[in-house]
Amino acid sequence: MKLGFDGKRALQNFTGLGNYSRFVLGILSAKYPQNQYLVYCPKKELSDRTKYLYMLKSVVFKFPENKAFKSFWRSFGIVKDLKSDTIQLYHGLSNEIPFGMKKTGIKSVVTIHDLIFLRFPEFYPWLDRKIYKYKFKFACKNADKIIAISEQTKNDIIQFFGIPEDKIEVIYQNCSSTFSERKTESELKNIAEKYSLPEKYLLNVGSIETRKNLLLAIKSLKSIPSDIHLVIIGKETHYAKILKDYIANQNLAERVHFLKNIPFTDLPGIYQRSEIFIYPSRFEGFGIPIIEALHSGVPVIAATGSCLEEAGGPDSKYIHPDNEIELAKSINFILKNPQERQKMVENGREYVKKFDDNIIAQQLIELYQNTLKNA
């Protein structure tokens with residue numbers, strides 16, 4: 001097959017959408033190198049996180065000839081290139097497909113990650129919501145097939161856009177294999193010294209924004225042993241000031257540690273040194289940090305209300321996103337019961353096998369093949 005992909009996020013984004021794009025390209029290239037994968041990007045980017053992409057088997061990057069109209073090219077002009085490159089199927093990896101795809105006869109698939117902007121509009125600027133709704137709904141209506149990254153996202157697509165259920169297929173994603181590679185004691189010690197990590201800590205990874213509900217984890221510190229700290233890794237927004245004001249008012253500054261711009265290669269070690277991974281987000285499309293924690297051998301406590309049970313499985317613990325007492329009780333239970341902690345770790349590692357790269361790559365290829373058969 002000759003397949004086209006939207007590659008903007010693969011080269012320019014280093015959080016959820018970018019991680020997903022790189023993940024898909026990586027596993028397809030590794031597992032099915034007999035296909036051709038043409039990746040269409042508005043501009044060329046080279047960094048430590050992306051340089052390996054240019055060396056993937058069967059992957060070719062395509063860039064616009066006219067550098068002045070990159071955004072126009074990605075949404076409109078790319079269609080001409082898809083036709084001239086004889087692409088059989090185009091996969092919009094991040095919620096969008098180009099306008100005019102129907103006229104080309106080229107089959108299209110779109111991955112929808114979440115519709116959080118519709119469920120929680122208060123977290124998004126008005127103009128962003130309008131643009132997202134138009135683009136996402138257009139993609140869902142006009143793509144031949146939709147991939148939802150969770151059952152929760154599938155249900156939201158049906159609810160908000162009225163899309164038939166049989167047009168949507170849930171295909172999960174995995175995280176980098178580096179999280180399941182156990183670090184040596186020496187490596188873990190070096191990581192601890194490099195970032196001045198406390199001896200015992202809870203961990204949270206993700207953008208520090210209101211929806212992520214990190215204040216709940218900070219509030220829970222008052223009800224757990226004082227030698228247990230909280231390490232927070234992520235890009236800060238205005239919400240970080242709310243957290244820091246609360247920390248100062250409650251005299252918790254010595255127990256809460258903010259880290260940012262952490263090299264990706266250091267993340268697995270920070271995960272593996274942690275006692276528990278805490279993810280009290282009010283709503284997610286899936287929750288890749290939970291997958292990273294389970295691969296790292298760390299028990300997980302997450303919030304109810306969205307899809308986090310899909311990511312964490314039956315042996316992680318789940319609490320109401322407004323109940324810090326419930327969260328503190330779950331933390332204390334795991335800390336005081338090492339056998340239960342070990343059971344959570346072992347069962348968590350078993351659970352994430354369902355997100356195996358081979359399984360997901362096969363699901364993607366079969367979806368492409370079936371979509372082309374129904375031409």
Side-chain angles (χ1 to χ4, degrees), residues 16 19 113-114 116 149-155 170 172-177 179-180 182 200-207 211-221 223-224 228 230-234 267-268 270-356 359-360:
N19 290 337
H113 295 263
D114 63 71
I116 298 173
I149 64 167
S150 67
E151 292 290 343
Q152 177 67 60
T153 296
K154 176 182 177 179
N155 293 335
V170 175
Y172 293 111
Q173 71 178 103
N174 202 355
C175 65
S176 170
S177 60
F179 288 94
S180 57
R182 191 66 195 173
K200 296 180 180 180
Y201 60 88
L202 313 173
L203 179 65
N204 176 273
V205 177
S207 299
R211 174 174 55 86
K212 301 288 187 179
N213 195 33
L214 196 50
L215 184 58
L216 190 82
I218 296 171
K219 287 181 176 180
S220 73
L221 291 176
S223 302
I224 66 176
I228 304 297
L230 174 63
V231 173
I232 299 167
I233 300 176
L267 267 180
I270 298 175
Y271 269 99
Q272 290 175 26
R273 283 199 79 258
S274 66
E275 299 293 324
I276 306 169
F277 184 76
I278 310 293
Y279 206 62
S281 180
R282 294 190 179 279
F283 204 90
E284 293 292 327
F286 183 44
I288 280 296
I290 290 177
I291 304 298
E292 293 171 345
L294 295 179
H295 275 296
S296 299
V298 181
V300 169
I301 303 175
T304 57
S306 60
C307 63
L308 299 184
E309 291 94 337
E310 290 183 62
D315 292 285
S316 294
K317 296 195 178 298
Y318 304 96
I319 50 88
H320 191 281
D322 290 316
N323 194 331
E324 69 264 26
I325 300 303
E326 185 183 9
L327 174 56
K329 285 182 178 179
S330 295
I331 293 169
N332 285 328
F333 177 80
I334 295 171
L335 293 175
K336 293 175 182 177
N337 293 274
Q339 289 185 332
E340 179 64 22
R341 183 186 191 279
Q342 186 58 32
K343 178 183 175 183
M344 291 177 69
V345 167
E346 292 173 357
N347 290 347
R349 282 181 171 145
E350 188 65 28
Y351 177 76
V352 289
K353 288 180 180 179
K354 70 182 290 184
F355 308 121
D356 180 79
I359 294 173
I360 297 171

Set of residues satisfying side-chain hydrogen bond (donor to acceptor under 3.5 Å, both in side chains) with respect to E350, sequence neighbours excluded: K353

Flag side-chain contact, heavy atom, 4.5 Å: I290 against L294: yes

Nearest-0.5 Å distance, CG of residue L335 to OG of residue S330: 10.5 Å

Test side chain to side chain contact (heavy atoms under 4.5 Å, CB included) applied to N174 and H295, step by step: CA-CA 10 Å; N174 202 355; H295 275 296; 3.0 Å; yes

Minimum heavy-atom distance between A293 and V300, given as atom pair plus value: CB-CG2, 3.8 Å

Results of side-chain hydrogen bond (donor to acceptor under 3.5 Å, both in side chains) for S176 - residues two or more places apart only: T178

With E310 via side-chain hydrogen bond (donor to acceptor under 3.5 Å, both in side chains) - residues at least two apart: Y172

Contacts of I359 that satisfy side-chain contact (heavy atoms from CB on, under 4.5 Å) - sequence neighbours left out: D356, Q363

Backbone of I278 reached by a side-chain donor or acceptor of N204 within 3.5 Å: yes

Side chain to side chain contact (heavy atoms under 4.5 Å, CB included) evaluation trace for I334 with I301: CA-CA 10 Å; I334 295 171; I301 303 175; 3.8 Å; yes

Minimum side-chain heavy-atom gap E284-C307 below 4.5 Å: yes

Side-chain heavy atoms of S220 within contact of I331, under 4.5 Å: yes

Test ring pair (Phe, Tyr, Trp, His ring centres under 6.0 Å) applied to F179 - qualifying residues, sequence neighbours left out: F264, Y271

Closest contact, heavy atoms only, A311 versus G287: CB-O, 3.9 Å

Over all atoms of both residues, closest heavy-atom pair of M344 and S316: CE-CA, 4.1 Å

Spatial distance of atom CG (L215) from atom CG (N213) [nearest 0.5 Å]: 7.5 Å

Heavy-atom pair of closest approach, residues I288 and C175: CG2-CB, 4.3 Å

Partners passing side-chain hydrogen bond (donor to acceptor under 3.5 Å, both in side chains) against S150 (at least two apart in sequence or in another chain): T153

Pairs where residues 312-342 contributes a residue and the test ring pair (Phe, Tyr, Trp, His ring centres under 6.0 Å) is met, not counting sequence neighbours: none

Flag side-chain contact, heavy atom, 4.5 Å: T304 against L308: no

Nearest non-hydrogen partners of S274 and V298, listed with the distance: OG-CG1, 3.5 Å

side-chain contact (heavy atoms from CB on, under 4.5 Å) partners for S223, two or more places apart: I325, A328

Contacts of E346 that satisfy side-chain contact (heavy atoms from CB on, under 4.5 Å) - sequence neighbours left out: Q342

Residue pairs fulfilling salt bridge (charged side-chain N to carboxylate O under 4.0 Å, His left out) with at least one residue in residues 311-333, sequence neighbours excluded: R282-D322

Separation between CG of D114 and OG of S306, rounded to the nearest 0.5 Å: 10.0 Å

Euclidean distance, I232 CD1 relative to L214 CG, rounded to 0.5 Å: 4.0 Å

Side chain proximity check, L230 to L221, heavy atoms < 4.5 angstrom: yes

Side-chain touch F283/Q152, heavy atoms, less than 4.5 angstrom: yes

Side chain proximity check, Y279 to K212, heavy atoms < 4.5 angstrom: yes

Residues in side-chain contact (heavy atoms from CB on, under 4.5 Å) contact with K200, at least two apart in sequence or another chain: D227, I228, E275

Value rounded to 0.5 Å, distance of NZ in K219 from CG in L327: 11.5 Å

Distance in Å, R349 CZ paired with S296 OG, rounded so as to fall on 0.5 Å steps: 8.5 Å

